[in-house]
> 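What follows is a structure written as C-alpha cells; I'll ask about it next.
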Amino acid sequence: MSLDQAAVIDSEELMMHPLLCVRDLTISYDLPQALSLRPKRVPVVKNVSFDIRPGETLGLVGESGSGKSTTGRAILRLLDPASGSIEFDGVEVTAFGRRTPLSYRRDVQAVFQDPSTSLNPRQPVSMAVTTILRRHGVGNRAQRDRRAAEAFEHVGLQRMHLDRYPGELSGGQQQRVAIARAIALRPRLIVCDEATSALDLSTRGQIIELLGDLQVETGVSYLFIAHDLGLVRHFSDHIAVMRSGEIVELASANDLFERPEHPYTRKLLGATPEDHPRGREERRRVRRAFASAHGEGLIPDV
Ligand SMILES: Nc1ncnc2c1ncn2[C@@H]1O[C@H](COP(=O)(O)OP(=O)(O)OP(=O)(O)O)[C@@H](O)[C@H]1O
Ligand SMILES: [Mg+2]
C-alpha cells in the first residue's frame, strides 16, 4: 500500500468515526402533579441514541413536546441528563461537572429560533461576535474586530451592518448575526434548534443555503431540529424521528422518505413517499438551481 493510499484510508476512517455519540440518554424534569403539592421527576427524553459524524447533518423531527429541544439542550450542557452518555470526540461530556471546559463551549455552538432574544438590543451586533471571541481569549482587540468583520462577510452581511443595533436589522439579518457568532470560533458542531422557523420562506431558503455552504467550507456538523419536514429532508444526511421522548426511527434521509418503517414516521410524512435527490451534492445542485431560477432561495419540494 502506498503512503497516499494509507492517507486516504486514514482520512476515510476519521470521517467514519462519530464526532458526537449519544447513548441511552434519559432526561427528566420536575413536573407539577395534579392533586399533589410535590412535583414529580418525569422522563421527557428516554433512552435516546444517535451518532453524528464530522461534516454530517442529523435532522431531528417529531411532534411538539417530543423532546427535541431538551435533547439539544443536554448536548449544549444547558441541562444535566438523568442517565446515559454524550461523547464528543471521544470525551464524556456528562462527566464535566458544573464547569464546562472552554474547549467544549468553543467546539459546540447553537443557533436558536429567535435571534432577537439572543442578541443584546443595546449593543451593536458586531459585539455579539467580538464578545464571544474575547471570552475565549482570541487575539487582541484589533484582531477580534477583524475576525468579526470576516465572520460577517462569511454569512453575507456587509461592513456597514457591524455597527447596527439588532432592532435595525431584519429577522434574516439578525439570524445571520447569530450564525456569524456561532461560527466565529470555528466550531465542530452546531445545534440548530428551529433556526429558520421564525423566518419568512425566502429568507429561510437563504439561511439554509448559507448553513449548507458553511458545512462544505468548514466541515462543521449539524444537529438540525426542525418541524418543516421538507426542509429537513433537503438538509440532512440522516434523520431521527422522535415521539414522546423516544427515537422511533433513525435512517438516512433517502431511506426515511422512500421507505419509512415506523407507523408514526409514515403518519408524519403524510402522503406516499416521493422521489428524493440522492446525496448532498445533488441536494445542493437542486437547491442552487431552484434558488437561481426563482431568485429568492426558496426550497423546492422535490
Ligand atoms: N424547563 C422545563 N421544565 C419542565 N418541563 C419542560 C421544560 N422544558 C420542556 N419541558 C417539557 O418537556 C417535554 C419536551 O419538551 P421539548 O421542548 O424538548 O419539546 P420539543 O420536541 O422541542 O417541542 P417543540 O417542537 O414544541 O419545540 C415537553 O413535555 C415539555 O412540556
Ligand atoms: Mg423545541
Side-chain angles (χ1 to χ4, degrees), residues 20 22-50 52 57-86 93-94 98 100 108-118 171 174-175 178-179 182 189-199 201 204 207-208 211 222-236 238-251 253 256 260 262-270 299:
L20 184 79
V22 174
R23 288 292 173 275
D24 298 323
L25 190 69
T26 296
I27 305 164
S28 304
Y29 284 121
D30 284 329
L31 297 180
Q33 299 300 300
L35 308 176
S36 167
L37 288 174
R38 289 181 53 186
K40 194 175 151 202
R41 284 217 82 105
V42 178
V44 295
V45 170
K46 301 167 216 161
N47 295 313
V48 158
S49 300
F50 57 80
I52 305 181
T57 298
L58 176 73
L60 192 54
V61 299
E63 65 200 353
S64 186
S66 56
K68 306 181 296 293
S69 296
T70 304
T71 303
R73 288 167 65 80
I75 292 165
L76 290 165
R77 302 277 303 134
L78 296 173
L79 50 82
D80 283 322
S83 62
S85 151
I86 302 172
V93 169
T94 58
R98 285 186 72 83
T100 305
V108 182
Q109 295 286 328
V111 179
F112 294 110
Q113 176 166 355
D114 186 357
S116 64
T117 58
S118 60
Q174 288 180 22
Q175 198 58 310
I179 295 169
L189 173 69
I190 303 180
V191 175
C192 301
D193 191 349
E194 308 280 0
T196 60
S197 305
L199 307 173
L201 265 188
R204 188 179 296 182
I207 296 292
I208 283 294
L211 292 172
Y222 295 119
L223 175 63
F224 191 77
I225 301 170
H227 271 106
D228 183 337
L229 283 171
L231 197 65
V232 174
R233 174 189 192 183
H234 284 94
F235 195 63
S236 310
H238 292 88
I239 298 175
V241 180
M242 274 189 96
R243 186 195 192 187
S244 308
E246 290 173 303
I247 290 184
V248 295
E249 187 162 356
L250 199 168
L256 195 92
H262 196 279
Y264 177 68
T265 310
R266 288 202 204 114
K267 196 176 136 204
L268 208 62
L269 300 185
I299 298 294

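All residue numbers in this chain count up from 1 along the given sequence. In what follows, every heavy atom counts, from backbone to side chain, and hydrogens, waters and symmetry copies are set aside. Indexing begins at 1, ligand by ligand and atom by atom, following the structure's order.
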> Supply the atom-to-atom distance Ile27 CD1 to Ser83 OG, rounded to the nearest 0.5 angstrom.
9.5 Å
> Kindly tell me which protein residues have any non-hydrogen atom under 4.0 angstrom away from an atom of ligand 1, grouped by chain and ordered by number?
Tyr29, Leu31, Val44, Glu63, Ser64, Gly65, Ser66, Gly67, Lys68, Ser69, Thr70, His227
> Short question: side chain of Gln109, backbone of Leu76 - any donor-acceptor pair under 3.5 Å?
no
> Using a distance threshold of 2.8 Å, what protein N/O/S atoms lie below it relative to the Mg ion (ligand 2)?
Ser69 OG
> Within this structure, what is the CG-CG distance for the pair Leu223 and Leu58, rounded to the nearest 0.5 Å?
5.5 Å
> Apply side-chain hydrogen bond (donor to acceptor under 3.5 Å, both in side chains) to Ser28 and list each qualifying residue two or more places apart in sequence or on a separate chain.
none
> Are more than 12 heavy atoms, taken from residues, nucleotides or ligands other than Arg41, located less than 6.0 Å from that residue's CZ atom?
yes
> With no hydrogens and no angle check, is any side-chain donor or acceptor of Lys68 less than 3.5 Å from a backbone partner on Met242?
no
> What residues form a salt bridge (charged side-chain N to carboxylate O under 4.0 Å, His left out) with Arg243, not counting sequence neighbours?
none
> Judged by atom type as modelled, is there a donor-acceptor pair below 3.5 Å linking the side chain of Glu249 to the main-chain atoms of Ile247?
no
> So does Ala195 get a backbone contact from the side chain of Gln175, meaning a donor-acceptor N/O pair under 3.5 Å?
yes
